[in-house]
Amino acid sequence: MSIYTHPSLTSDAAHWLLCRETSPWRAREDWARGANAGIRLQHFDAVYLPADLVEERMPSSIRDREGVEAHLRAAGLTHGVIVPKAQLHYVMLVPPSTADTWAEPRTECRSRRDHAGYVAAPPPARRSRPGAYWILPPPESDENLCDPESVRGLMQRAAQ
């Protein structure tokens with residue numbers, strides 16, 4: 001089996017993430033090497049939340065992967081959350097145009113209009129360290145993107 005036909009590189013999530021890329025082979029090569037791929041913010045925006053804000057009101061003091069995943073799912077999030085290598089923030093993929101109305105303190109929402117109009121996406125099958133990983137599975141369709149209101153709800157609970 002070629003590395004380019006590996007199931008994680010031909011999954012529904014990989015197809016959806018790359019469906020609007022002009023050079024999808026570049027991302028597949030990066031993923032085949034285990035590296036992040038720069039995916040253009042075309043059919044989604046990206047909200048960057050500081051890790052301490054996300055983890056503030058977790059029911060347990062243990063900040064392990066399973067605990068954070070359960071905390072995100074309890075907030076109504078099911079797909080599209082990346083933990084970058086440094087683990088200082090979480091990247092939540094949200095519907096396009098979310099950045100137009102996003103004005104939440106301590107956060108940033110990037111869109112294709114930003115200078116950094118890309119998100120560093122780990123290989124679709126990577127669900128743990130080392131490096132960046134998907135704490136919630138990558139989206140396979142527009143319906144799998146994070147709901148901006150659920151993201152705001154997560155932040156409001158942390159602020160209480």
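Worth saying up front: this structure is predicted, and the values here are computed from it rather than measured.
- Asp45 places a side-chain N or O within 3.5 Å of a backbone atom of Ser97 that can act as its donor or acceptor partner.
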Go through the steps to decide whether Arg110 and Trp102 satisfy the test side-chain contact (heavy atoms from CB on, under 4.5 Å), and finish with yes or no. CA-CA 9 Å; Arg110 296 181 188 163; Trp102 193 266; over 6 Å; no

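- In this structure, CE on Met92 lies 10.0 Å from OG on Ser150, to the nearest 0.5 angstrom.
- Using a 4.5 Å heavy-atom cutoff, the side chains of Trp134 and Ser128 are not in contact.
- The nearest pair of heavy atoms linking Pro95 to Cys146 is CD-O, 3.2 Å.
- Side chain of Arg65 to main chain of Arg127: a donor-acceptor pair is present (N/O by atom type, distance under 3.5 Å, no hydrogens or angles).
- Ring geometry, His89 versus Tyr48: the interplanar angle falls from 30° to 60°, so the pair is classed tilted.
- With hydrogens and angles ignored, the 3.5 Å screen pairs no side-chain donor or acceptor of Asn144 with any backbone N or O of His79.
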Could you check Tyr118 against Gln42 for side-chain hydrogen bond (donor to acceptor under 3.5 Å, both in side chains), going step by step and ending with a plain yes or no? CA-CA 9 Å; Tyr118 290 82; Gln42 290 288 0; over 6 Å; no

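- Leu17 contributes atom CG, which lies 8.0 Å from atom OG of Ser11 (distance to the nearest 0.5 angstrom).
- Side-chain N or O atoms of Arg40 include one that pairs as donor or acceptor with a backbone N or O of Arg20 at under 3.5 Å.
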List the steps, then state whether side-chain contact (heavy atoms from CB on, under 4.5 Å) holds for Phe44 with Arg112. CA-CA 9 Å; Phe44 56 86; Arg112 68 175 185 249; over 6 Å; no

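- The two residues Ala120 and Pro122 have their closest heavy-atom pair at O-CD, 3.6 Å.
- With a 4.5 Å cut-off on side-chain heavy atoms, Val81 and Val91 do not count as touching.
- No side-chain heavy atom of Arg129 sits less than 4.5 Å from a side-chain heavy atom of Lys85.
- Note: Arg126 CZ to Ile135 CD1 = 14.5 Å, rounded to the nearest 0.5 Å.
- By the 4.0 Å N-to-carboxylate-O rule, Arg106 lies too far from Glu104 to be salt-bridged with it.
- Among the candidates Leu93, Thr78, Leu77, the single residue satisfying the side chain to side chain contact (heavy atoms under 4.5 Å, CB included) test with Leu145 is Leu93.
- Side-chain atoms of Trp31 come within 3.5 Å of backbone N or O of Ala121 as a donor-acceptor pair.
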Full working for salt bridge (charged side-chain N to carboxylate O under 4.0 Å, His left out) between Glu29 and Arg26: CA-CA 5 Å; Glu29 285 181 351; Arg26 269 195 198 133; over 6 Å; no

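- Rounded to the nearest 0.5 angstrom, Gln156 CD and Glu149 CD are separated by 8.0 Å.
- Counting only distance, with no hydrogens or angles, the side chain of Ser111 and the backbone of Arg113 share a donor-acceptor pair below 3.5 Å.
- Contact annotation: the side chain of Leu154 approaches that of Val54 to within less than 4.5 Å [non-hydrogen atoms, C-beta and beyond].
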Evaluate the side-chain contact (heavy atoms from CB on, under 4.5 Å) criterion for residues Ile82 and Val119: first the C-alpha distance (whole Å), next the side-chain angles of each, then the deciding distance (0.1 Å), finally the verdict. CA-CA 10 Å; Ile82 299 169; Val119 66; 4.2 Å; yes

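- Nearest heavy-atom pair, Pro138 versus Ala13, reported as atom, atom and distance to 0.1 Å: CG-CB, 3.6 Å.
- Put simply, the side chain of Pro148 does not reach to within 4.5 Å of the side chain of Val47, judged on heavy atoms.
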Asp30 vs Asn36, test: side-chain contact (heavy atoms from CB on, under 4.5 Å). Steps then yes/no. CA-CA 6 Å; Asp30 290 339; Asn36 293 344; over 6 Å; no

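- Between Trp16 and His43, the distance from one ring center to the other falls under 6.0 angstrom.
- Remark: Leu41 CG to Thr98 OG1 distance equals 11.0 Å, nearest 0.5 Å.
- Separating the CE atom in Met155 from the CG atom in Leu53 is a distance of 5.5 Å, to the nearest 0.5 Å.
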